[in-house]
Amino acid sequence: MIKNKIISNLKEAVNSCDLELEKAEMSIEIPHNLEHGDFSTNIALLNAKINNLKPREMAEKLVAVLSKKRDYKSVEVAGPGFINFKLANSLYVSILEEILKSGMNYGSSDYGKGKKVLLEFVSANPTGPLNVVSARAAAFGDSLYHIMKFCGFEPFREFYINDAGNQVDILAESLELRYRELHGERIDEFPPEAYHGEYIKDLAILLNSLEGNKLFHMTEKDRLKKMRNFALEQIHMMQMESLTKFGVEFDNWMSEKKMRKEGILEEALSYLAEAKCTYENEDAVWFASTKFGDIKDRVLIKSDGNPTYLVPDIAYHITKYQRGFDVIIDVLGPDHHAHVSKLEAAIKALNYDPAKLEIVYLQHINLFDQGEKVKMSKRAGKIVTMDDLIAEVGCDAARYFFLDRKPSAHLNFDLELAKKKSSENPVYYIQYAHARISSILKKAKKEKILPTKMDPKVLKKLNKTAELAIIKKMMSFPDVLNTLSDVREPHRLANYVFDLAGMFHKYYSKYKIADPKHIELSQARLHLITAIKNVIAISLQLMGISAPTKM
RNA sequence: GCCCCCGUAGCUCAGCAGGAUAGAGCAACGGUUUCCUAAACCGUAGGUCACAUGUUCGAAUCAUGUCGGGGGCGCCA
């Protein structure tokens, strides 16, 4: 909003000076150094050449016009040709008023222009409890959903259930073995590819309590089918429960089994055949993906007649396109980037727009406890699950720690730190700022110095550097949200709110906020911290973290 | 061999659609409480932004290459 104002002022000035703009995309920045003003632009550096001027000369011409505006305390040329703006205090006041008026809607916008966005995340195999990578995906996807919604996109959350295919058969067989064990059978060698986790034993016990030995009277085929459906259903419920506990919801659960029943695999295959990019070789059906940028051709139908995982994957993505999304975001784990070349090839082959598909890769997580890396082995069934983690550090800390890092970076998760209730732990530091403000407001209310309405004359009392800096920080909030909804990086919000909380704590310890001796000044400050509280609360809400009023 | 991610303070990491003097937290050291929540604050110290070349008014940021770390490359999913 302020930025737009500056841009239009600049363009006016350019016109009135009879100058030209070669590169219209100048930057309007908030300089790190306060001496460089509140905002700064490089317009003259970018466009001096075309006007046959030196950057500083062009900047001076513009400044001559701009400094007549009332919104700026000063407009100056600096360095190699930057133009630095200092805002008039009245502008700060009007910004603060706007923040307060917007309340919990501050920062929301129509920036996304109602673009329909499909966000697919977690999509863990239904063969076991959710692990920490799924937890990271859940925190990431859910926050991105809320942020994009807040920024005017129309996002849609989807979980793809891989409930068909080979690994599901292995799941059924694993359960069968545990079930037979329960009935006294000795299993000498539990196959290495089977699922070894304790949860399979629990499922066997549960199944046994429901069915007893009835299952042995069925044919093997029927029994395995029963095992499979039972395991899938139970594990799916387990996963949903974990996600609910974590505060993560989905708009749709897409079942591969169901899609297969609807004949969507055959449909996908026939589309590819129609596009003339399949062929047979050695009893298998191949996709000529090299025609579309892949490094080698891929098998679609194995020589045993079964489809590879690629077919349902392509079929699923066809549905994503058919459902009319403008943006399709796949949040994938660290071991999936090899899929994408094949998938993209298929999308090109079928003439869908590959630019609509965006892949976000989440990287690995290493858990550390007491400085030691926690060793996990999926094979031996020794993994830390999402439930373990939540039980250990709590939802708030877990979500914050997952969001604090950019998705593409490996994440070292310090369990000890996440459990700490001190300023070392950033999530407490932020929540504490919120609680502290709540407490001050409560006290001010009791002492009857809490203002009931806004008065610009009162707000003008805010003129300390720290106060203006905080307003400036809050002023950038909508921009931060818009940018991160564009680049899909919620970690920027975590960083932002941490900074804001820090600014508040420092401000608090330096200045008395609610002081009955100075009513007007106190009221102005109470307005200021109310605004801070709102911005912190909004940020935490978007990250799925609670904002306590008392700690 | 090919592909993806990472390399910034002792540690964990921000900053990267190019901008002015590179930031924060932790750890280290030294301080702050008759005062609205000390779950806080202040101060000190700490850097060849892995390296090289290029692009330009300007590079931690972009490009190419090198080195180092992590992960991935089946008619498994």
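All of these numbers come straight from a predicted model, not from anything done at the bench.
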Donor-acceptor pair under 3.5 Å, A:Ser40 side chain vs B:A20 base:
yes
For the side chain of A:Asp163 and the backbone of A:Glu256, is there at least one donor-acceptor N/O pair under 3.5 Å apart?
yes
Is the phosphate of B:A38 approached by A:Arg436 (side-chain N or O, under 4.0 Å from OP1 or OP2)?
yes
Taking all non-hydrogen atoms of both residues, which atom of A:Asn425 and which atom of A:Lys420 are closest, and how far apart?
ND2-O, 2.8 Å
Find the distance A:Tyr496:OH to B:G25:P and express it as a whole number of Å.
18 Å
Spacing between A:Tyr508 atom OH and B:C35 atom P, to the nearest angstrom:
11 Å
Check whether any side-chain heavy atom of A:Val497 sits under 4.5 Å from a side-chain heavy atom of A:Met543, and report yes or no.
yes
Taking OP1 and OP2 of B:C36, is either one under 4.0 Å from a side-chain nitrogen or oxygen of A:Tyr511?
no
Euclidean distance, atom CG of residue A:Leu417 to atom P of B:A27 [Å, nearest integer]:
9 Å
Counting the atoms with a prime plus P, OP1 and OP2 as sugar-phosphate, which does A:Arg298 contact under 4.0 Å by heavy atoms, base, sugar-phosphate, or nothing?
nothing
Is there a donor in the side chain of A:Asn131 and an acceptor in the side chain of A:Ser134, or the other way round, less than 3.5 Å apart?
yes
Determine: side-chain N/O of A:Lys302 to OP1/OP2 of B:C76, distance under 4.0 Å, yes or no.
yes
Identify which nucleotide among B:C75, B:A20, B:A77 has an atom closest to any side-chain atom of A:Asn162, counting heavy atoms from C-beta outward.
B:A77
Taking the ring centre of each residue, are A:Phe140 and A:Phe121 less than 6.0 Å apart?
no
Measure from the ring centre of A:His364 to the centre of the six-membered ring in the base of B:G70, then say whether that distance is under 5.5 Å and the planes meet at under 30°.
no
Can you measure A:Leu171 atom CG to B:A77 atom C1' for me and round it to whole angstrom units?
13 Å
So, do A:Tyr429 and B:A39 meet the stacking rule of ring centres under 5.5 Å and planes under 30°?
no
Regarding the side chain of A:Glu282, the nearest nucleotide among B:C75, B:C41, B:C36 is B:C75
B:A17 P sits how many Å from A:Leu484 CG, rounded?
14 Å
Counter-base of B:U44, judged by Watson-Crick or G-U geometry with both distances under 3.5 Å:
B:A28
CZ of A:Arg405 versus C1' of B:C6: gap in Å, rounded?
13 Å
Considering only heavy side-chain atoms of A:Asn412, the closest of B:G19, B:U12, B:C36 is B:U12
Could you check whether A:Phe498 and A:Tyr429 have their ring centres less than 6.0 Å apart?
yes
Can you tell me which nucleotide in B:A20, B:C5, B:U12 comes closest to the side chain of A:Asn84?
B:A20
Could you check which of B:U21, B:C57, B:A77 has an atom nearest any side-chain atom of A:Asn33?
B:U21
OP1 or OP2 of B:C42 sitting under 4.0 Å from any side-chain N/O of A:Lys510?
no
Between B:G15, B:A77, B:G70, spot the one nearest the side chain of A:Gln363, thanks.
B:G70
Given B:G19, B:C41, B:U21, identify the nucleotide with an atom nearest to the side chain of A:Glu35.
B:U21
Partner lookup for B:U66, please. Criteria are Watson-Crick or G-U wobble with both distances under 3.5 angstrom; report none if nothing qualifies.
B:A50
Would you mind classifying the nucleic acid contact of A:Thr483 as base, sugar-phosphate or nothing, using non-hydrogen atoms under 4.0 angstrom?
base
With distance as the sole test, does A:His196 use its side chain to make a donor-acceptor pair with the main-chain N or O of A:Pro191 at under 3.5 Å?
yes
Should the side chain of A:Ser303 and the base of B:C75 be counted as holding a donor-acceptor pair, with the cut-off at 3.5 Å?
yes
Please give, in whole Å, the distance from B:G25 C1' to A:Phe498 CZ?
5 Å
Taking only the side-chain nitrogens and oxygens of A:His505, find out if one of them lies under 4.0 Å from OP1 or OP2 of B:C42.
no
Just N and O in the side chain of A:Thr308: are any of them under 4.0 Å from OP1 or OP2 of B:C76?
no
Report the nucleotide, chosen from B:C41, B:A77, B:C75, that has the shortest atom-to-atom distance to any side-chain atom of A:Trp286.
B:C75
Tell me: OH of A:Tyr428 to C1' of B:C26, nearest whole Å?
17 Å
Nearest-nucleotide pick for A:His36, side chain only, options being B:C41, B:A39, B:A20:
B:A20
What's the closest nucleotide to the A:Phe82 side chain, out of B:C75, B:A77, B:A20?
B:A20
